[in-house]
Amino acid sequence: MKIFISGLYSGTNPQPGVGIARSLRAAYPSAKLVGVEYSNRCSGIHWEDLDDVWLQPAWEHIDFDMYSRRIEDQLNEGAWWISGVDLEIMWLASAFPNGHVNLLTPPASALRKISKPAVEAHRGLPLNIPEFISTEQPDWDLHAFFREHGWKVWLKGPYYEAVRTGSWDVFERVRAILTNAWSTERLFLQAHVTGYEESVCFCAYRGEIVESVYMRKRELTGEGKTWAGEVTGVPEDFAAPLRKIVRELNWTGGAELEMVRDAEGKLWLLECNPRFPAWIHGSTITGRNLPAALIEHASQIKAKKQQALSDEFTRVVLEIPVRNEFPLPSLAEPYPGGVGHSLKHPSGTLALAERLQKLHIIEGRGNNDEDHPRKPTRSQNNGNGNGNRFTDRAERLKYSEVPTTFITDLTNIDLDSTPTPSWLFLENTATAAFERASQMATNLSTARVKVTNGYSIKTNPDERLIGLARDTGFLAEAISLSELQKALDLGFSPEQVVLNGPGKWWPDISRPGLPLHAVFSDSLNDLSYTLRSLESHAIQATVAGVRLRPPGTGSRFGISLETPEELMKLVDMIKALPRKYIFGVHFHLASSNIGVRQWWRLYESMLTWCRSIERLSQRSIECLDIGGGWFPDDWHDKSPDKLKNAIDLAHNSLPNLQEIISEPGKALAQPTMALAIRLLEVAEHKDAICDVVVDGSIAELPMHFVQPHRILHRTTTGEWQPLRRGKTRLLGRLCMEHDVVAANVELPPSVRKGDLLIVCDAGAYDRSMSYEFGRG
Amino acid sequence: MNLVVDNQPVRMENVTDIDLRAALARWRYSSPSVIAHHGKPCCATAREWLFATDHSQLNGNHKLMGPRWLRRKYNWGPSQWPMTWCHAVEQDDLDCGALAAISREIFTARSVVCHSVQLVQQYSEDTTSHWSAKWTNHPASAHWISGGMIYHEACGVQISSSEMRIWDPSAACWVNPKQFGGYGSILALRLTLDTAGVAGPFTWGHREVPAGEWHVL
């Protein structure tokens, strides 16, 4: 008996070929095992259980037709083929559309039903799929996904690779790398699930499961790969639906379902691999030899029974002799200044992915004719610098939605005579936002708890916005005496100002003689100083409070509660606060940075601390100041029920609560301004726009790496059209290497020097933190 | 207390039934550790801090998630008994009894029913001799060590009316109910029900664990 086994890569993220060979050798001592590889750099070709090695060139050089004919010849002669490479399995499904009795891989129809991330075939199994979104969606929506999931999100490739991307700039960088590596925009983001990793592995022949095992990972590598595990049988409540699904899929070959079990005991499916896992010999050690069972079932040749050596397995690193016929190849010359030499994808896996993309084999529409792809390609001159490499993206990538008020405001501005770069105040957008917030506060106020908005001056100190805040009943939130003075200058009374932050007493200027609405202390020293200032009448306030920093927030602000000593000191100082002051608590964290769900969790956590403080100090908390850093789409005016529930929760927790100050942060300011910029130069490469120099810069858009901005282009007919993602870079005017305003937009082919672009969503920290640079 | 093991033959590799019987006889009157309350603000503050911190650390995750943060905050090491809450939270090191007592209170504060679990675990004298030296150099008792075996405390976390998991707060992990014997394995356990109206027995994995008596695995 002759068995071909592919997937012999044996690095830190190994393929299963060596494990399959070990298992087959144990069951069939006299079988001829032939290792199939596409690079002599794969160390698995030297494994002693392989009788022969069928070494092919790297995938980019393989003639598909010739290779499939040779494989067919082998299969026709009675050899068996077990593949350990996902992409090879996809290609085989296309090369052998009707299968072959000796080809132990699944059909294309089955592969489509297990494709990530939805894994359509999982239905019926006791499994959940973690939330996901395709990166073909606009950046605006992807940013929302990150915020929703607290930035605990994986960016996953279509076949392999998953990278935890905890910030927008990291995501943009990794997306560019994966898109380029796998020749597709079809990546996806998936929410992280915390828990223990488990797997179900099975082998099947023509829709009938031959054997299956359950494996719980007991040790993992730094990459999260199995290093040790415990193997048992598959529980019947899982096995029964699995049998039904495998039958429907008409599955042949090995497979692995990778799952996570959360604290509640729920199972989440991460992916379904169409092959045996790399730990497959671990199962054989426990007496369950799945590769042998598959061969035995398909060939009807009795396998030698394997004694269970243990119920658990672990891995070690082994040095083995190199085969004489395959001496080690020379190492590639390191790049200047480079460190180490990567063995990643030595067999041309990336090239295979690109070829399969081109043939649309992934979608199951392959025709195996790379020179005449079935799907017509978009013109190479698509204005996007893509050539024909990403032929699928043009139809797939979506445009952002832009609020109609933006367009209305823009049509009211004489843009032709507007110098650029220039900030545009979107008056209707701003007025509507402040009025909505004001109305919401009124609606949410009750006889027991008054809800008031606070406008954070630092977010954007533009007098028009501060004026809108004043006219719509907001309190002014100041972080310095300068900001306090500005609020007073613009018509706020001291009783309408909240003073907080670690540097609130800076600079040393006169303080108002009348009481402020509230002063919140940022540290125990600050609290001590504030108490002395209040008693000496150096400052007056109706509410005296503290900003809390519960454990795990990662914030630098507020009074730390990390140790019981700190809590005790805080409680003692609160006890000393004269009763004539209302006691309040300030809780601000940027929800756009920590995530929306996380913000609400921390809010509940903060209320827990408030209850403890009330119990220990015997002092009621009557004022809560909450908020900060809300992304406009996450702000409560679109879902007021959340804030209403939060107010109810606060009142239930703190029965003497009288006032909630809700500070929307950038939710109000961000949409109210845009930056008008013009194209200075348009550079083309291979008839496509690759780089555009604009007269704006990161000096005007310092938040460019934190959040996406929706960019509008005016068409020749005068309509405003949002740009979608592409390969064109908008380079800023500054002579600074990192002045890239946007690295991934698609400009229409008709753009010319002098054309106007409007960068929206720039009214918060882009505006307030912009700086003078390169203007002489 | 009537030890069930008194009449049971116990067989396991490298551990004779005589060793285990002797160990159980040594710890048969050991009760689960309990932390005392001064009845003053010092202990009230300590407990408020503990529960509020756990709420923050749990961070909205499921209430059955183990309080792993405790082991990040406190090393496993010798403790002096009797112990009060204000004393416990200030320590750098806490022994298994203190960590188990705190963890039980934390689970209870989360509205999770939690019981005391006492364990006899097998290690080796090569290992336990180091622990013995560490405990002897500290004004703490090394009574918990007997040759290659140790007495250990954990939490029986009830996940349904008849099922429990065992959280080992010293190792910050859930104990695998599938025991294989050997180094680190559990030889015997005693479940003490701390909640009124709860009777047991409970299933732990595929095992049934009776309450109130030593149960040899």
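None of these values were measured; they are calculated from a predicted model. Each chain gets a letter, A, B and so on, in the order the sequences are listed, and its residues count up from 1.
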Check whether any side-chain heavy atom of [X] lies under 4.5 Å from a side-chain heavy atom of [Y], and answer yes or no.
| X | Y | result |
| --- | --- | --- |
| M65(B) | D262(A) | no |
| R218(A) | N176(B) | yes |
| L64(B) | E264(A) | no |

For this session: Measure R165(B) against the heavy atoms of chain A and call it side chain, backbone, both or neither at under 4.5 Å.
Result: side chain
Exercise. Which region of K63(B), side chain (C-beta onward) or backbone (N, CA, C, O), has a non-hydrogen atom less than 4.5 Å from a non-hydrogen atom of chain A, or is it both or neither?
Worked result: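 For K63(B), neither part sits under 4.5 Å from chain A.
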For this session: Of all the heavy-atom pairs spanning P564(A) and V89(B), show the shortest one and how long it is.
Result: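 For P564(A) and V89(B), the tightest heavy-atom pair comes out as CG-CG2, 3.6 Å.
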Distance in Å, [X] [atom1] paired with [Y] [atom2], rounded so as to fall on 0.5 Å steps:
| X | Y | atom1 | atom2 | value |
| --- | --- | --- | --- | --- |
| C86(B) | E565(A) | SG | CD | 10.5 Å |
| M568(A) | W49(B) | CE | CH2 | 11.5 Å |
| T232(A) | H206(B) | OG1 | NE2 | 7.5 Å |
| R601(A) | N59(B) | CZ | CG | 5.5 Å |

Part of [X] within contact of chain B (heavy atom distance under 4.5 Å):
| X | result |
| --- | --- |
| E562(A) | backbone |
| L561(A) | backbone |
| T563(A) | both |

Do other residues, nucleotides or ligands put more than 12 heavy atoms under 6.0 Å from the [atom1] atom of [X]?
| X | atom1 | result |
| --- | --- | --- |
| H38(B) | NE2 | no |
| R164(A) | CZ | yes |
| K569(A) | NZ | no |
| Q307(A) | CD | no |

Problem set entry | Among the listed options Q57(B), R47(B), E90(B), the residue most often paired with chain A at heavy-atom distances under 4.5 Å | E90(B)
Exercise. Can you list the residues that meet the salt bridge (charged side-chain N to carboxylate O under 4.0 Å, His left out) rule with D311(A), with sequence neighbours excluded?
Worked result: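 K178(B).
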For this session: Would you please go through residues 605-615 of chain A and name the residues with a non-hydrogen atom below 4.5 Å from one of chain B, in numerical order?
Result: S605(A), T608(A), W609(A), S612(A), R615(A)
